[in-house]
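Right, one structure below, let's go through it.
Heads up: numbering here begins at 1 and tracks the sequence. Since the model is a prediction, treat every value here as computed from it, not as a measurement.
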Amino acid sequence: MSPDDHIAEHGTHVNPFTRDDVLSLLREQSWLTAEPSPEHLAFAERAASLLGHFALDRAGLKHLLRLVFVYDAAYSLQTPEAHAVLTRYAARDVIRELALFLLDPTPFNSDRFKEVVTLLKEKLDIRGRDLFHPIRLVLTGRSGEGELDRVILLVDEAAPLPFDVPLKSIRTRILEFCSLLD
């Protein structure tokens, strides 16, 4: 069974996950070994809220959380998924414009996400997969569906927190990705 078998294609089921489920997974993965701070608790609550509807089971939730905590652009670029995305119409234009937008170090939140999508739609006149798959690939390492947009929203929220592993911010992720793109 692949990790994707644990993720709902569309988040339409009831969210069975809570902050405690996320905290448990953070501990199991050794991403958080200390007593959680109020900021960690708030992050866990938000992660459960954003990702829980997409995870069919605990393994699915772990897979989605992993995308927040583990990012390797070099590995992602070697996958057939990345090759498929990068050969689509205007994919490199999306990545280039996204990188220019993200040079501003302002944390990437829901409003910034909406702003960049609107900007890219207007500037490049593209929609759907041609727009979202390159964004998701660059910022999560996967092209997937809407669940990855929720992962993206959690990255800059988690990055400054004192976890036991260093997290790469959205800005760091795109810089890493672009530095490896031929």
Side-chain angles (χ1 to χ4, degrees), residues 2-9 11 15-77 79 81-82 85 95 98-99 102 105-114 116-117 132-178 180:
S2 79
D4 293 335
D5 294 338
H6 297 278
I7 298 182
E9 196 166 313
N15 181 359
F17 299 104
T18 66
R19 172 185 82 178
D20 292 337
D21 295 311
V22 171
L23 288 171
S24 174
L25 286 167
L26 295 176
R27 288 184 185 105
E28 284 175 23
Q29 299 301 304
S30 298
W31 295 328
L32 179 65
T33 56
E35 198 60 35
S37 68
E39 292 82 9
H40 287 119
L41 295 174
F43 169 78
E45 185 73 39
R46 183 145 157 80
S49 172
L50 287 176
L51 303 177
H53 294 286
F54 293 94
L56 297 175
D57 54 24
R58 202 165 188 281
L61 183 59
K62 180 174 96 175
H63 175 72
L64 291 171
L65 281 170
R66 182 173 177 72
L67 296 173
V68 174
F69 285 84
V70 179
Y71 179 83
D72 183 347
Y75 174 80
S76 296
L77 278 164
T79 64
E81 177 181 19
V85 169
I95 294 167
L98 178 63
L102 293 176
T106 303
F108 201 78
N109 57 26
S110 183
D111 290 336
R112 293 232 341 138
F113 197 4
K114 290 174 191 170
V116 75
V117 167
F132 286 100
H133 280 195
I135 293 171
R136 293 170 183 153
L137 175 67
V138 169
L139 301 181
T140 70
R142 303 277 318 280
S143 63
E145 297 301 326
E147 73 277 1
L148 297 180
D149 297 344
R150 279 50 172 204
V151 168
I152 291 167
L153 294 176
L154 289 169
V155 171
D156 275 0
E157 191 172 325
L161 297 179
F163 285 104
D164 293 332
V165 294
L167 274 80
K168 296 176 183 174
S169 69
I170 291 296
R171 186 172 187 264
T172 301
R173 289 174 181 219
I174 195 155
L175 290 172
E176 180 180 323
F177 191 92
C178 289
L180 297 168

Review point. Would you say E145 and H133 make side-chain contact, with heavy atoms under 4.5 Å?
Key: yes
**Study point:** Results of side chain to side chain contact (heavy atoms under 4.5 Å, CB included) for R46 - residues two or more places apart only
**Key:** L50, L153, L154, E157
Check your understanding: Quick check: does any side chain N or O of R19 sit under 3.5 Å from a backbone N or O of A44, one acting as donor and the other as acceptor?
Key -> no
Point to revise | Separation of I95 CD1 from L102 CG (nearest 0.5 Å) | key: 12.0 Å
Exercise for review: To the nearest 0.5 angstrom, please state how far the NE2 atom of H40 sits from the CD atom of E35.
Suggested key: 11.0 Å
Practice item. Determine yes or no for a side-chain-to-main-chain donor-acceptor pair under 3.5 angstrom, with E81 supplying the side chain and S143 the backbone. Key: yes
Review point. How many angstroms lie between atom CG of L51 and atom CG of D21, to the nearest 0.5 angstrom?
Key: 12.0 Å
Review point. Would you say V138 and R173 make side-chain contact, with heavy atoms under 4.5 Å?
Key: no
Would you list the atom pairs, donor with acceptor, under 3.5 Å between side chains in residues 159-168 and any protein atom, with sequence neighbours excluded?
{"from": "D164", "atom 1": "OD2", "to": "T33", "atom 2": "N", "distance (Å)": "2.5"}
{"from": "D164", "atom 1": "OD2", "to": "T33", "atom 2": "OG1", "distance (Å)": "2.5"}
{"from": "K168", "atom 1": "NZ", "to": "Y71", "atom 2": "O", "distance (Å)": "3.0"}
{"from": "K168", "atom 1": "NZ", "to": "E176", "atom 2": "OE1", "distance (Å)": "2.7"}
{"from": "K168", "atom 1": "NZ", "to": "E176", "atom 2": "OE2", "distance (Å)": "3.4"}

Review point. Would you say the side chain of L77 lies within less than 4.5 Å of the side chain of F177, judging by non-hydrogen atoms?
Key: yes
Point to revise | Check: R150 and F54 side chains under 4.5 Å, non-hydrogen atoms | key: yes
Review point. Are any non-hydrogen side-chain atoms of Y75 and V70 less than 4.5 angstrom apart?
Key: no
Check your understanding: To the nearest 0.5 Å, what is the distance between CG (N15) and NE2 (H53)?
Key -> 4.5 Å
Point to revise | Note, R142 side chain near H63 side chain (heavy atom, < 4.5 Å) | key: yes
Check your understanding: When rounded to the nearest 0.5 angstrom, what distance separates CG in L32 from CG in L25?
Key -> 11.5 Å
Practice item. State whether the number of non-hydrogen atoms from other residues, nucleotides or ligands found under 6.0 Å of R66 atom CZ is greater than 12. Key: no
Exercise for review: Rounded to the nearest 0.5 Å, what's the gap from CG on D20 to CG on L26? Could you check?
Suggested key: 11.0 Å
Practice item. Keeping the roles fixed (side chain from D156, backbone from P107), state whether a donor-acceptor pair exists under 3.5 Å. Key: no
**Study point:** Close side-chain approach of V151 and L139, heavy atoms under 4.5 Å
**Key:** no
Point to revise | Test log, rule side chain to side chain contact (heavy atoms under 4.5 Å, CB included), inputs L98 and I174 | key: CA-CA 8 Å; L98 178 63; I174 195 155; 3.5 Å; yes
Review point. Does L148 reach the side chain of F132, with side-chain heavy atoms less than 4.5 Å apart?
Key: no
Practice item. Please report the shortest heavy-atom distance between P16 and G52, naming the atom on each side. Key: CD-O, 3.9 Å
